[in-house]
There are 2 protein chains.
Amino acid sequence: MKNYLPILQKSPLFSDIGETELLSLLDCLGGTLRAYPKGTAVFSEGDRPTHLGIVLDGEIRITRTDYYGNRSIVAAVKAPQVFGETFACAEVESLPVDVTAATDCTVLLIGVDRVLNPCCNSCSFHNRLIYNLMKQTAAKNLLFHRKLEITSKRTTRDKLMTYLLMTAKDQGSNSFTVPYDRQELADYLEVDRSGLSAEISKLRREGVLTAEKNRFTLL
Amino acid sequence: MKNYLPILQKSPLFSDIGETELLSLLDCLGGTLRAYPKGTAVFSEGDRPTHLGIVLDGEIRITRTDYYGNRSIVAAVKAPQVFGETFACAEVESLPVDVTAATDCTVLLIGVDRVLNPCCNSCSFHNRLIYNLMKQTAAKNLLFHRKLEITSKRTTRDKLMTYLLMTAKDQGSNSFTVPYDRQELADYLEVDRSGLSAEISKLRREGVLTAEKNRFTLL
DNA sequence: TCGCTTTTGTTGAAAATTCAACAGACTTTC
DNA sequence: GAAAGTCTGTTGAATTTTCAACAAAAGCGA
């Protein structure tokens, strides 16, 4: 666990909590460290969500597959981000998504009970933790909001450009990488892969952008 | 304010808080009561979000209008539901949506500062309030999730049926009303109104449902 | 009730998406 | 280094959506 302290300190869940406090807090929270090989399930649809996860290493995907087998990517989560807190906090009985390791990864699982119910010990920073969780959940909400802004667009081009402009702004540069390959980007934007490739080519020809693999540059 | 106590008690923000506690809590939170005529703005895009709102009477809409003037309805909120808490808690500098009165309505506005920072007085229920806000935000997250499930569908028919099946399940009946007229429903599902009308007619002819005004019955 | 406005349904044409199939480039594995 | 597999881009046909225009129906106020 101690190896991951620097990453844990960067996690939004533990922001403004010092190292020594963090150690006692972790003790009190009683998390479990788990490693998942690429492609394996961290949580599966239908599970009862009781824990939140913190990605310590690698990257995971939140996905959902409908009745017809169409995959939709809800989000990509990498270290030191948090996932699953929404469903656990909302106390739903059944997880509506799949959580899968996109690469080999290491995850810290923490029961939300432990987070929401301050321990009797002198964890003076537990309130800070709850405050952080609150902000984290609200921030997650904003992410959904952004995704809705994308999927509300009607054409592949608008969806793509909305996404690219957001990502450029996030990364503070006109040249940036996206965490998806073409198929995954299509699943995230909720469009057809071949149509997406065609649209990217068109934008390239029009001189709007360059794209090689997962690096895009807006011109 | 006292007139609205019964509604406030039903609000998810104040669940499991007794009437006397609620009164002192309200005093401590220092909310302001506001009335909005139909069609007027409660919050406007670009505002700095500092307050959450509780709908005491009437109904509001969370909408977003893009560059081209396409309106998208994010959610309909009616008494005794809460709105705006996400943006205020996430401390974003600028509200990305419009909040508008869909009918004449009455709203209680509360600064989130007051909610997140427990007062020094003996507000023993302030922790409960924060816990409620936490659950509320997580629940709001689920709503977004549901909307994403709808907009991730590719055809108008699938979007509509996904929405109707969800709503039927929510209301526990095959016959139910939706809070939108046709144009609003189209804006919520992110599809073309005339195409939506056409699809509803088709489903009617196929004997899948009946629809008159905003009442739908799945057969 | 009459007239006016809003809402809903219908239609055809234009535009866009999806789907399936394939070829070339690139990776990985043995 | 060859073979197998994966990823990306391309294309044409079928399907679907969007758009614009209009008519019928419903709601509203005088």
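Numbers restart at 1 for each chain; the letters A, B, ... are given by sequence-line order, proteins then strands.
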Return the value, rounded to whole Å, for the distance between atom CG of A/D192 and atom P of D/dT11. 15 Å
Compare the minimum distances between each of C/dT17, D/dA20, D/dT17 and the side chain of B/S194, then state the nucleotide with the smallest one. D/dA20
Spacing between A/L160 atom CG and C/dA16 atom P, to the nearest angstrom: 15 Å
Please determine whether a side-chain nitrogen or oxygen atom of B/S197 lies at a distance below 4.0 Å from atom OP1 or OP2 of C/dT8. no
Is the shortest side-chain heavy-atom distance between A/L148 and B/K147 below 4.5 Å? yes
Of B/T155 and B/K213, whose nearest nucleotide on DNA chain D comes first from the 5' end? B/T155
If you compare every side-chain N and O of B/R182 against the phosphate oxygens of C/dT6 (OP1, OP2), does one of them come in below 4.0 Å? no
Is it the case that atom CD in A/E206 sees more than 12 heavy atoms from other parts of the structure closer than 6.0 Å? yes
Is there a side-chain polar atom (N or O) of B/R157 under 4.0 Å from OP1 or OP2 of D/dT17? no
Atom CG of B/L185 and atom P of C/dT7: how far apart are they, to the nearest Å? 14 Å
Is the shortest side-chain N/O distance from B/R154 to OP1 or OP2 of C/dT18 below 4.0 Å? yes
Rounded distance (Å) that lies between atom C1' of D/dT18 and atom CG of B/L189: 15 Å
Distance, rounded to the nearest Å, where B/Q183 contributes CD and D/dT18 contributes C1': 13 Å
Taking OP1 and OP2 of C/dT10, is either one under 4.0 Å from a side-chain nitrogen or oxygen of B/S201? yes
Report yes or no: is there a donor-acceptor pair, N or O only, under 3.5 Å between the side chain of A/R193 and the base of D/dG9? yes
Using a 6.0 Å cut-off, check whether atom CZ of B/R48 has over 12 heavy atoms from anything other than its own residue. no
Within this structure, what is the CZ-to-C1' distance between A/R205 and D/dT10, rounded to whole angstrom? 10 Å
Quick one: on DNA chain C, does A/N70 or B/D181 contact a more 5' nucleotide (nearest heavy atom)? B/D181
What is the distance, rounded to the nearest whole Å, between atom CD of B/E199 and atom P of D/dT17? 6 Å
Can you say whether the rings of B/Y180 and B/Y163 are parallel (under 30°), tilted (30 to 60°) or perpendicular (over 60°)? tilted
Mind checking whether B/F83 and B/F43 have parallel, tilted or perpendicular rings, split at 30° and 60°? tilted
Find the distance B/E212:CD to D/dA26:C1' and express it as a whole number of Å. 13 Å
